[in-house]
Amino acid sequence: MTSDSIKNNRNKNKNMTKWFSDISFLRESQIMKIHYITGVGALFVVAIHIMMRLIMPFNMSLEFENVILNYKNIFYALLLESILVLIAIHGFNGLRVILLELRQTQIWERGVNILVIVAMIGIIAYGTRTIIIANGFSLG
Amino acid sequence: MKIFKKDKTKKITNERSLEIERERSNKSTSSSSSSNQKSKKLRIFRINAVQNPNDVPHFDEFQVPVKRWTTVLDALLDAKSYQDSSIGIRYSCRMASCGSCGMKINGIPRLACYTKISDLDTNTITCEPLPNFPYIRDLVTDFSQFFAHHRSVMPFIQNKKADIPDVNELSEYEQSPQDLDKFLQFSYCIKCGLCYSACPTVATDLKFPGPQALSQAYRYYADSRDSDKSNRLKVIDTSHGIWRCHFAGSCSNVCPKGVDPALGIQLLRSHLLGISNSEKKIAKLQDRSNNNSYREELEEEEEEEEK
Amino acid sequence: MYYTNTLFWDKLVTDSIQHDIIIIGSGLAGLRAAIAAAAYGKDNISIGVFSKVQVMRSHSVSAEGGTAAVLFEDEGDNIESHIYDTIKGSDFLADQDVAERLVKTIPHEVYQLDHWGMPWSRRDDGRIGQRKFGGYSFPRATYAQDKVGFYEMQTLYDTCQKYDNINFYNEWYCTSILKENNLFRGVTAIEMKNGNFVKIKSPTGIICTGGAGRIYSFSTYAYSSTPDGIDMAYRAGLAMKDMEFVQFHPTGILPSGILITEGARGEGGYLINNQNERFMKKYAPEKLELAPRDVVSRSMIREIQEGKGFKHESGYDCLKLDLTHLGDEQIKERLAGIREIGIKFSGIDVIEEPIEIRPVCHYMMGGIHTDIDGKTELGGLWAAGEAACNSTHGANRLGANSTSECIVWGRITGEQAAQFALERKGSTIEISNDQVISEEKRIYDGIFRGRGEVNPYEVRKKLTDTMDDKAYVFRTEENLVAGLKKIRELKALTWKHVDDKSKEYNTNFTNVMEIDAMLRTAEVVLMGAINRKESRGAHARLDYANRDDINYLKHTLAYYNCENEPKLEWHPVTFTRYAPVERKY
Amino acid sequence: MTSATSAKRIDDNNKNDRTNREGLRGWLNPLTYGWERVSYWFQRLTGIFLLVYFIGHVYETSSLVSGPDAWAAMLELTQTVGGHLFLILVIGASTLHTVNGIRLIFTQSGQGLGKPGRPDYPYDPTSVNNKQRSGLWIAFILAAVAMLYGANVLFSGE
Ligand SMILES: Cc1cc2nc3c(=O)[nH]c(=O)nc-3n(C[C@H](O)[C@H](O)[C@H](O)COP(=O)(O)OP(=O)(O)OC[C@H]3O[C@@H](n4cnc5c(N)ncnc54)[C@H](O)[C@@H]3O)c2cc1C
Ligand code: HEM
Ligand code: SF4
Ligand code: F3S
Ligand code: FES
């Protein structure tokens, strides 16, 4: 009777987790932990990023040479890279959350998950390309 | 909640305590004037969605007599009894303990039997069905999905000793009043669905269990008599589970019973994140079947009867 | 999928539904019966719970004060005393074996509820708390703040969720009982959401449709507490027992009649008259405010008649209940609901001011005639809870004994019905359609398509006002006869019609059916009251002021006799332990 | 009923269940409810806004790769008065989102909400308390300050 139905419930839960893991291999709580950590992480790196921009007059900081100089500093480049990764993960996961809440068909949910992962990788790749190339620039 | 609009009927959380004051002033101002009845206009949302799924809703207006203590439910029933008996409305206890009569009154989800017309400073009272529940008819909405969500969080004590099949066994749990206080608040949910209709996530997410169900999950989680903690957490830790609450707080703002579902949800989440330090102790089972004299007496009597 | 549990929405619309057990009514008794049957029958049994309201909307959620049980034998309480209190409270009209069964079973049930998650209020040592209640010689009303019924309902409802074989049919209005060869065969019901008229087949049934208190207009009952369930059995030829015993609770607030629990007096509240005097010391010097309800109510009406009452702005005479001396903390901790009700519905914060109250219709001791097991005269049909009258309460119920009764007999009937159903598992049920057709005629031709110029709600108002007026705390031959005449006049009017012509969620239709049942029940109440020429328990006659054990120490049974006057019969009381003595408090 | 069929039933019912859902109106409706709802609304809005900016910003900087001229052209496009105003909005949004986000991280892990206890009438929910409200106000104020400062830096630099 009861123990049976509890067991049933357990089985169902197993199925549920299995079904979920097909798509995203992480539990929602882990995803959200990542969301929070990337959020807070982004706070620090973005703060440094902005500080760096403010040590010289704003316009100067935008001049091509200065920018490239920054990029050539390996630490700064790494900083930029981490901003890129942290915000991409945080931001696109945020988007995933919003989109998941919009519609609940299986196709949509799968689509959202795939789209978000692809976009995340895409933007990270694209930004990394900039960083690497700019890092390799030789100033003539 | 009055923030931008100047509508006085909007509920203001931090002004709730003023309610009592208002109560008193209402009483003193109108104590002599109960005979000179006022009358107010009631606008009621009309639809018959079961008969015709594409029915276009409209509003009907009724003039109803109002006294100091007249609640919106009284007014609705007055209109139903003497003006238009086809008004669809769900009600039962008329004392805010059964949760039937949730509806949107002047734009905010409330219990009709718990809202006095004299508290609403408008002359026209607009009643609409609760949003986020499918229409049935007029003010009546379909709760089946809401109840299903409640069921999905396993709202019952899971414990090997939960059932005592033997009638002669008298075993009692000892639970301290402090342990009781941890969940008591959440157990006074009357399942009225107001929170469910106010929550922005529920507004679009069909699979989100909603504040009511999640706070019940916490209610059983925090109960020291329950022993199946990890499984409980697993059930709600899904992509449409507890994480789809963004602490919009509306649920707690509209809850008529002080359940504060938002608090329950966030606390449950702290357990999920593993950062809560309040540990659970299983309540102590005290077996009283030994020192129980009258059972023996009963058995003796039965024996005598057999003879 | 996120939720994978069985869902009960969108039931297939079929002409007939079959279950092994059907339970009509989802109050405390109904839910306890469902769990008992599910636990007894395991997965072999399917249970349908039909209710005209959604499950958690049943009237039982309003119960406030407590559930009586002997839990502290180690601290001086004992079973015997609870049995005696119950019997004495009943003015010796209770069947004593039944009272004994109640008292001996309820402690286990209280612990069972505890194991299912009931948030009983706790003492500091962690044990379940109990408070004083009227008519008991030991504090034995087990309490959970002042929301006992609500918490019990919630606990039972939530426990039902464990079982896959309990199917809830929310908002199905049952209209009649189907039977064959004196065996229960099922019921007919209307699914309110879409208005379908459905035949429900089952070899076993349990009626738990609650009390009939809405035949009074000043009443603590929920609007849904109408006698249609009792009336269903009555029309099927079962007897209504002891219907003249209607309990008036001393403390209902004005003007709505919402209850202030007896727990308020149990915690130490006083009743005062307009001379600021605790008048109960005149009437019950020993127990004061904690005398049984019938005694207190009578005393209050006497006070009011002597001109010592207050006048409420709604026009009612009333007295006041003073809780101010209890202090902020105790009220907030133990009587939170009362405070809320006072503020919300009466504009009075009981911490600061005495609250106006008046005796109010609260409980029907009578109901469907059953034996000690809750079995009715119809094979395969049980009844439990307030709808049943197994004569635990006799002529007057003690506070907190009713939820006990609901739970105890919920369980007993559930198990017995499950046993009965398992024995008959597999046998097919065929019901001749005649009964269904005649029922369809009765409700659709007679009521739905009926014609009439009198507004049925007007009839209801007149009916309930008549009852308030003529069959209140004190009764006289003259008043009762006048009341009966009035009820018969109302019955004779052409009022049976439904203005709302749509099928879906037609509460107008169900209301008219309820009013129909109310009229019949009111007639039984009045006839029983006229017939009982004595004062016993809650039935107090001014013209026969004394108890008459020689002629009236017996139960009244009323049988349906088409639309004629009901047939009244007598039924003996079972005595096992105590001979009647004078009742003093 | 097996879980598979019941699951199917839910899907069948989805369509019907949408009938009275508030939908996006429910998200964008901060007026009827409390300040928490306003916070919810801003957090979403600023989050999406920042994401859009972030994508744009990554695209903007990618012009570095194509050499000084492309970079100058891009600056021409973005470093206008309109562009600066937009940047100020971004500064405000990110401050708001960050500060409020930190508050939300605390609340969503159950901190600073009070603890459950016996609710007394009138029921003031402990979770939507003044701490939360002032957190939101601090976020607004800091966002305003940051915007002013940003405006100062951006426009004085010309
Ligand atoms: C205000 C108040 C306070 C009380 N306090 C206490 C207390 O402190 N202690 C105590 O012991 N007792 C108390 N009582 C009494 C006690 O609450 C009731 O006797 C008890 O709840 C009755 O429960 P029930 O299960 O028999 O019926 P109910 O809870 O009344 O349920 C009846 C059910 O039957 C259903 N039904 C009715 N007709 C039909 C139909 N035609 N078709 C389908 N379904 C139908 C209804 O929908 C409902 O679900 C109190 C009563 C009141 C009014
Ligand atoms: C810098 C510090 C940041 C912190 C501390 C932070 C924190 C948060 C928090 C707590 C949430 C709420 C999640 C929830 O309610 O479940 C959130 C949501 C979100 N954030 Fe951030 N965030 C930061 C920066 C950013 C940036 C730079 C972006 C843009 C790319 C961004 C985009 C989003 C989005 C799109 C959401 C989704 C909104 C929602 O779920 O309601 N965040 N953030
Ligand atoms: S949590 Fe409050 S608002 Fe929500 S259903 Fe329960 S009582 Fe109603
Ligand atoms: S309104 Fe909804 S988003 Fe969370 S705090 Fe309440 S459940
Ligand atoms: S009628 Fe029961 S809550 Fe309003």
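Quick note on labels: first sequence line is chain A, next is B, and so on, each numbered from 1. Computed from a predicted model, the values in this text were never measured in an experiment.
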Under a plain distance cut-off of 3.5 Å, with no hydrogens placed, do [Y] and [X] share a side-chain donor-acceptor pair?
X	Y	result
B:S85	C:N508	yes
B:R137	C:S502	yes
C:E340	B:Y114	yes
C:D158	B:Y220	yes

Any ion pair linking [Y] and [X] (charged N to carboxylate O, less than 4.0 Å)?
X	Y	result
C:D164	B:R151	yes
C:R127	B:E174	no
C:E313	B:K67	no

Checklist entry - Where does the angle between the aromatic ring planes of C:H312 and B:W69 fall among parallel (under 30°), tilted (30 to 60°) and perpendicular (over 60°)? => result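 C:H312 vs B:W69 ring planes: tilted.
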Checklist entry - Is it the side chain or the backbone of B:R225 that comes within 4.5 Å of chain C heavy atoms, both, or neither? => result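 Looking at B:R225, just its side chain touches chain C.
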Item to check | Heavy-atom proximity to chain C below 4.5 Å, by part of B:I87 | outcome: backbone
Atom [atom1] of [X] and atom [atom2] of [Y]: how far apart are they, to the nearest 0.5 Å?
X	Y	atom1	atom2	value
B:L184	C:R122	CG	CZ	11.0 Å
C:K193	B:I136	NZ	CD1	5.5 Å
C:Y157	B:F147	OH	CZ	5.0 Å
B:D166	C:H108	CG	NE2	6.5 Å

Checklist entry - Between C:F150 and B:Y188, is the gap from one ring center to the other below 6.0 Å? => result yes
Next on the checklist: According to salt bridge (charged side-chain N to carboxylate O under 4.0 Å, His left out), does anything in residues 76-85 of chain B pair up with another residue at least two apart or in another chain? List the pairs.
Outcome noted: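 Residue pairs with at least one partner in residues 76-85 of chain B: B:R46-B:D84.
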Item to check | salt bridge (charged side-chain N to carboxylate O under 4.0 Å, His left out) contacts touching residues 54-64 of chain C (sequence neighbours left out) | outcome: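 Every pair satisfying salt bridge (charged side-chain N to carboxylate O under 4.0 Å, His left out) with a residue in residues 54-64 of chain C: there are none.
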Item to check | Best-contacting candidate, B:K191, B:M95, B:R219, B:R90, against chain C by heavy atom pairs under 4.5 angstrom | outcome: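 Between B:K191, B:M95, B:R219, B:R90, the count favours B:R90.
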Checklist entry - If you count heavy-atom pairs under 4.5 Å between each of B:C189, B:A96, B:A49, B:G88 and chain C, which one has the most? => result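 Among B:C189, B:A96, B:A49, B:G88, the one with the most close pairs to chain C is B:C189.
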Checklist entry - Does the pair C:W116 and B:D163 meet the rule for a side-chain contact (heavy atoms from CB on, under 4.5 Å), with working shown? => result CA-CA 7 Å; C:W116 282 336; B:D163 290 301; 3.0 Å; yes
Next on the checklist: Looking at C:Q112 and B:A162, would you say the former's side chain and the latter's main chain have a donor-acceptor pair under 3.5 Å?
Outcome noted: yes
Item to check | C:Y151, part contacting chain B, at a heavy-atom distance under 4.5 Å | outcome: side chain
Item to check | Structural part of C:N511 lying under 4.5 Å from a heavy atom of chain B | outcome: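 When you check distances to chain B, only side chain atoms of C:N511 fall under 4.5 Å.
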Next on the checklist: Less than 4.5 Å apart, side chain to side chain, heavy atoms only: is that true for C:Q154 and B:S187?
Outcome noted: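 They are in contact (side-chain heavy atoms under 4.5 Å apart), so the answer is yes.
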Item to check | C:K501 atom NZ, over 12 foreign heavy atoms within 6.0 Å | outcome: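 Yes, the 6.0 Å shell around NZ holds more than 12 heavy atoms from other groups.
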Checklist entry - Between C:T155, C:I258, C:D499, which residue shows the highest count of heavy-atom pairs closer than 4.5 Å to chain B? => result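 Counting heavy-atom pairs under 4.5 Å, the top option is C:I258.
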